[in-house]
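The structure appears right after this line, and notes come after that.
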Amino acid sequence: MARVVVDVTLKPEILDPQGRAVQGALGRLGLAGVTSVRQGKQFVIELEGTLDADRRASLDELAATLLSNPVIEDFTLTVEDAG
Amino acid sequence: MARVVVDVTLKPEILDPQGRAVQGALGRLGLAGVTSVRQGKQFVIELEGTLDADRRASLDELAATLLSNPVIEDFTLTVEDAG
Amino acid sequence: MAHHIDLVSEAEVTPDAAQPFAELGLKPDEYQRIREILERRPTSAELAMYSVMWSEHCSYKSSKVHLRSFGDKKPDTDVLLVGIGENAGVVDVGDGWAVTFKIESHNHPSYVEPYQGAATGIGGIVRDILSMGARPMAVMDPLRFGDPDHPDTRRVLTGVVSGIGGYGNCLGLPNIGGEVVFDPSYQGNPLVNALCVGAMRHEDIHLANATGVGNLVVLYGARTGGDGIGGVSVLASETFDEGGPAKRPSVQVGDPFMEKLLIECTLEVLHAGLVEGIQDLGGAGISCATSELASNGEGGMHVELDRVPLRDSSLTPEEILMSESQERMCAVVVPENIDAFLEICEKWDVTATVIGEVTDTGRLIITWHGEVIVDVPPRTVAHEGPVYNRPMQRPDWLDTLAANDPLVLPRPTDAQQVRDTWWVMAGSPNLASKVWVTSQYDRYVLGNTVLAQPEDSGMIRIDEESGLGVAISTDCNGRIAKLNPYIGAQHALAEAYRNVATTGATPLAVTNCLNFGSPEDPEVMWQFAQAVEGLADACLQLGIPVTGGNVSFYNQTGDVAIHPTPVVGVLGVIDDVQRRTPMSWKPGDSILLLGETRDDLAGSEWAHEVHRHLGGQPPTVDLEAERSLGRLLVWAGRDGVLSAAHDVSDGGLAQTLTDMAIRTGLGASVSIPDGADPFMLLWSETTARVVVSVDREHLAAFLAMCAEHGQMVTPLGRVASDATEPALVVERVYGGTVTLPLGELRAVSEATFPRLVR
Amino acid sequence: MTARIGVVTFPGSLDDGDAGRAVRIAGAESVSLWHGDADLKGVDAVVLPGGFSYGDYLRCGAIARFAPVMSVLIEAAREGMPVLGICNGFQILCESHLLPGALTRNDSLHFVCRDQRLRIESPSTAWTSQYVHGQEIVIPLKNGEGGYVADERTLDELEGDGRVVARYLEINPNGSRRNIAGICNEAGNVVGLMPHPEHAVEELTGPSTDGLGFFASVLSLLVSAGSV
Ligand SMILES: Nc1ncnc2c1ncn2[C@@H]1O[C@H](COP(=O)(O)OP(=O)(O)O)[C@@H](O)[C@H]1O
Ligand SMILES: [Mg+2]
């Protein structure tokens with residue numbers, strides 16, 4: 001079994017209202033000095049069998065198109081276990 | 001400047017409709033053998049100054065109450081840089 | 001190396017410095033005019049301001065000469081409290097209430113990033129309404145997408161719908177209607193038009209002007225980021241070293257929660273009497289707000305640009321001036337009131353900053369850390385931009401199109417074929433149930449929604465005591481406008497007018513969103529001019545003024561333009577919303593068709609869906625017939641004579657009956673009258689027709705009213721007396737009977753959207 | 001004197017005006033409470049209305065739970081004050097641990113607005129006494145995060161103690177476990193409900209007037225308890 005983690009983050013120049021809301025709340029709840037909060041998504045994907053080059057390539061492709069929106073997001077793909 | 005990452009994931013027994021939808025889409029788009037997808041949230045928090053014990057404690061507390069809901073979610077807190 | 005700041009003092013001594021005006025979209029003669037106005041070269045900040053304010057989007061330079069028709073042909077009416085030229089027109093609806101409404105487009109951004117594009121489209125139009133002093137009450141969303149089966153359509157459709165819902169739902173504005181139309185002509189240019197309507201007491205009307213020397217200019221709302229400043233980066237790129245400025249966002253992200261705070265905060269400062277003038281920040285951001293406020297008011301303003309709170313500290317002054325960051329407003333406040341103003345902002349957790357003051361210098365002066373970077377007469381920026389009389393050319397292909405008459409298309413000739421056609425039409429994307437879309441929108445919030453989709457118009461209650469309300473419908477058939485843009489615009493108006501009257505409201509005023517291809521194409525320009533003339537003439541004839549609107553040009557891919565799409569919104573007023581006419585018929589009602597049916601299949605949904613055909617002569621728009629029909633519907637509605645009414649438009653009578661039956665789950669039995677051709681009666685799209693249902697008690701009275709109005713009436717049949725095994729039964733169809741079980745009809749209608757987005 | 005029922009306004013509350021209207025139509029006085037004030041103004045009961053209290057980008061109700069008004073409200077609720085959380089209000093009650101479980105993203109992944117048929121499963125709460133057991137009502141539902149979840153033991157407990165207040169009929173619009181639309185605390189004074197009774201109090205603007213019973217129930221309770 002293989003296990004891959006895809007982290008998707010908003011591009012730094014894109015406004016992140018979610019992160020800002022959290023930043024505001026952290027401040028109100030007594031944590032001073034928070035300069036930035038950015039909220040991202042994480043996908044933990046498990047596959048049966050091994051992660052061969054073909055599947056890896058199609059995962060890369062899908063991370064760039066399905067899991068993230070290249071217009072506003074960046075992603076990193078980490079293979080935790082190639083199976 | 002300190003930098004902390006909080007990963008929030010749904011508890012394994014809680015249904016994850018978003019993860020399921022992604023799993024279905026991955027299959028339809030030609031990636032066979034995906035056995036599970038779970039979608040989580042990631043908060044990247046930057047603080048000015050250093051992360052002393054007090055601030056660390058209040059971050060732990062806020063991660064457990066504000067950033068995650070213990071009824072349905074687990075979290076991990078990683079200090080990437082204590083400043 | 002820091003960004004080089006181009007000062008006015010420097011511009012005076014370096015007249016020959018090269019400036020990237022062309023890259024900013026200015027023509028050489030436009031650049032020359034700026035130099036003449038200023039009697040020197042502009043600074044780069046001034047160049048940024050002029051270029052964005054003189055853009056097509058902000059200056060209406062190609063459309064202005066034509067839009068004047070709306071004023072020149074304005075009907076003689078006293079309902080207009082504020083006319084064209086302000087953020088939105090304001091209409092008197094009686095009892096001291098005023099209503100403001102307007103449509104805007106957010107087409108291109110919604111193609112690039114459908115969710116955010118559509119979301120920020122709602123945000124923008126809501127701020128326009130707010131800036132008139134009104135509480136936003138509801139939104140609507142006329143939408144156009146490409147071919148339903150094209151692989152990209154799903155992306156745009158799902159993103160746009162969730163963006164509109166995501167933003168509008170979070171603001172707490174009910175969505176009371178809109179349109180969803182598919183046509184391949186919109187494939188690379190979907191249309192996302194957004195309408196907002198708001199209400200206020202007459203005395204609460206506010207305008208965008210900066211009066212009172214010494215009054216303070218306050219910027220409040222979101223911080224300013226590098227949104228929507230793609231163009232101006234040419235000014236920055238030359239002056240940064242290799243590290244360069246931080247990357248600028250390609251997409252604006254909406255923050256509906258911030259907008260909700262902005263609404264509450266703005267209404268509170270307005271009602272507390274703390275605001276002299278107010279302006280929303282939309283396209284062209286601070287450039288637009290400051291130059292418009294100044295030129296509508298005392299004529300002078302001094303702004304300290306370095307005070308603007310930033311989201312991205314690397315922004316240059318030029319970029320700050322042009323940023324289109326969302327969720328910001330600008331107010332003019334008397335100094336004595338500033339503390340109270342800031343206190344209310346703080347209550348709502350809204351950042352507010354005094355950035356300048358009103359002066360009597362007649363100049364808009366903007367400084368950056370004490371040094372002057374802009375010194376211009378504000379009118380020249382805001383109102384005296386270039387005006388073009390662009391060449392126009394009637395397209396040759398129009399004749400070919402007109403000659404391609406739908407008469408040649410094979411039509412159903414027996415009951416079985418009529419039945420088959422019925423199923424195809426009921427499930428066609430343009431006629432199918434829009435519940436997949438509308439169930440993603442909150443239509444209940446605020447508790448004043450009297451009618452919403454699928455009714456003919458959205459209706460909201462304005463005054464809980466008296467029941468005073470307004471109804472709005474937006475419409476346009478782009479295929480008809482393609483066949484004849486003059487008639488197409490009138491057709492759109494007639495349909496919206498009829499929809500409003502059908503629900504029992506008296507049509508009062510008009511807004512529009514004119515979506516066209518490139519104005520630099522003489523054929524498009526001709527289409528545009530024709531549409532404007534058609535609309536202006538029709539508004540004059542119907543006696544309802546255009547109160548405002550929006551022009552969206554350049555909706556084209558390569559040199560192929562979209563169908564001309566003049567979306568028209570009509571607002572009507574109803575004294576007591578209790579007396580509205582819904583579209584749900586009642587058991588045992590008589591079903592009557594009002595109006596005459598002719599062979600009008602050019603541009604029809606049937607020709608499009610069944611034959612992918614577009615050609616022929618569009619239906620005649622008979623405005624007198626619409627007016628008289630409308631009056632009858634309003635009177636009959638007010639007298640409580642009608643059980644239900646629903647207009648006949650896309651998909652003809654067959655679709656009207658389908659809609660009414662599905663709405664209530666009650667079947668009906670109708671029969672094709674003597675002398676009528678079943679196919680034509682069912683699918684022709686002749687205008688000025690409405691189906692009504694009337695109970696036994698009121699039938700005689702209604703028929704008498706029709707006679708009085710000279711209204712042609714055709715009895716069609718009767719609504720079933722109960723809902724057991726409901727079906728639409730159509731008799732005398734080429735000698736046969738067509739039976740359509742409602743369960744199946746509904747299933748076919750509701751299956752389409754889930755299939756499209758799968 | 002009539003009962004005074006508070007309606008809390010958070011900065012992103014949307015249905016607060018509607019909740020106030022419903023309270024008035026039921027015959028009580030509606031009192032506005034502000035999220036930033038730790039003050040219940042002496043009201044007899046409180047409604048937490050729908051909306052997006054603080055934008056709710058993080059998790060619905062997550063931030064609202066920490067509002068000053070909530071500190072006094074949580075205390076009052078524990079002492080028996082009737083509290084009704086509608087939609088976002090339900091989410092806030094769960095986040096505040098006044099009610100068990102949590103509300104998660106709809107399984108359709110879409111916001112859903114529809115006229116929803118429900119069955120009243122428990123008429124023995126402060127907010128449902130005017131209904132009869134098994135009564136079917138139709139009121140609007142509108143939410144993006146309305147899927148009720150809790151662990152099996154909690155769900156069994158809720159069922160066993162008769163604390164499932166209302167259940168979805170015909171369709172389950174958001175993937176709630178066991179079709180749960182609303183629950184209450186052990187004492188029955190705190191009720192959380194995902195659909196919106198305050199939008200079904202006038203024929204003109206709602207699908208029915210079936211929602212009025214919630215407000216009439218608490219009013220009759222307050223009147224008979226002599227608290228007003
Ligand atoms: N198609 C149109 N018909 C009538 N008025 C229009 C039309 N397009 C624009 N206008 C009017 O021109 C003015 C400027 O429009 P616009 O730039 O869209 O306003 P804003 O700056 O508020 O976005 C407004 O009063 C608007 O109503
Ligand atoms: Mg405006």
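Small disclaimer: the values here were computed from a predicted structure and weren't measured. Worth knowing before you read on, the calculation uses all heavy atoms, side chains too, and leaves out hydrogens, waters and symmetry mates. Each chain gets a letter, A, B and so on, in the order its sequence line appears, and its residues count up from 1.
Looking only at heavy-atom pairs under 4.5 Å with chain D, the residue among B/I72, B/V71, B/N69 that has the most is B/N69. Counting heavy-atom pairs closer than 4.5 Å to chain D, the top-ranked of the candidates B/R20, B/K41, B/K11, B/E13 is B/K41.
For D/L58, the parts lying near chain B are the backbone and the side chain together; criterion is any non-hydrogen pair under 4.5 Å. Only the side chain of D/R65 comes within less than 4.5 Å of a heavy atom in chain B; its backbone stays farther off. Residue contact with chain B, scored on non-hydrogen atoms closer than 4.5 Å, involves the side chain of D/T104 exclusively. For chain B, the nearby part of D/N106 is the backbone; its heavy atoms alone come within less than 4.5 Å. Interface remark: B/I14 contributes side-chain atoms only to the contact with chain D (heavy atom separation under 4.5 Å).
Under the 4.5 Å side-chain criterion, counting only non-hydrogen atoms from C-beta, D/F66 is in contact with B/T65. Put simply, the side chain of D/Y148 does not reach to within 4.5 Å of the side chain of D/M194, judged on heavy atoms. Looking at heavy atoms from C-beta onward, B/L51 lies in side-chain contact with B/L59 at the 4.5 angstrom threshold.
Ion pair D/E136/D/R119 not flagged as a salt bridge, since none of the NZ, NE, NH1 or NH2 atoms sits closer than 4.0 Å to an Asp/Glu carboxylate oxygen.
The aromatic ring centres of D/Y57 and D/F52 sit 6.0 Å or more apart.
Side-chain contact of D/T125 with D/S122: a donor-acceptor pair under 3.5 Å is absent, judged by distance alone.
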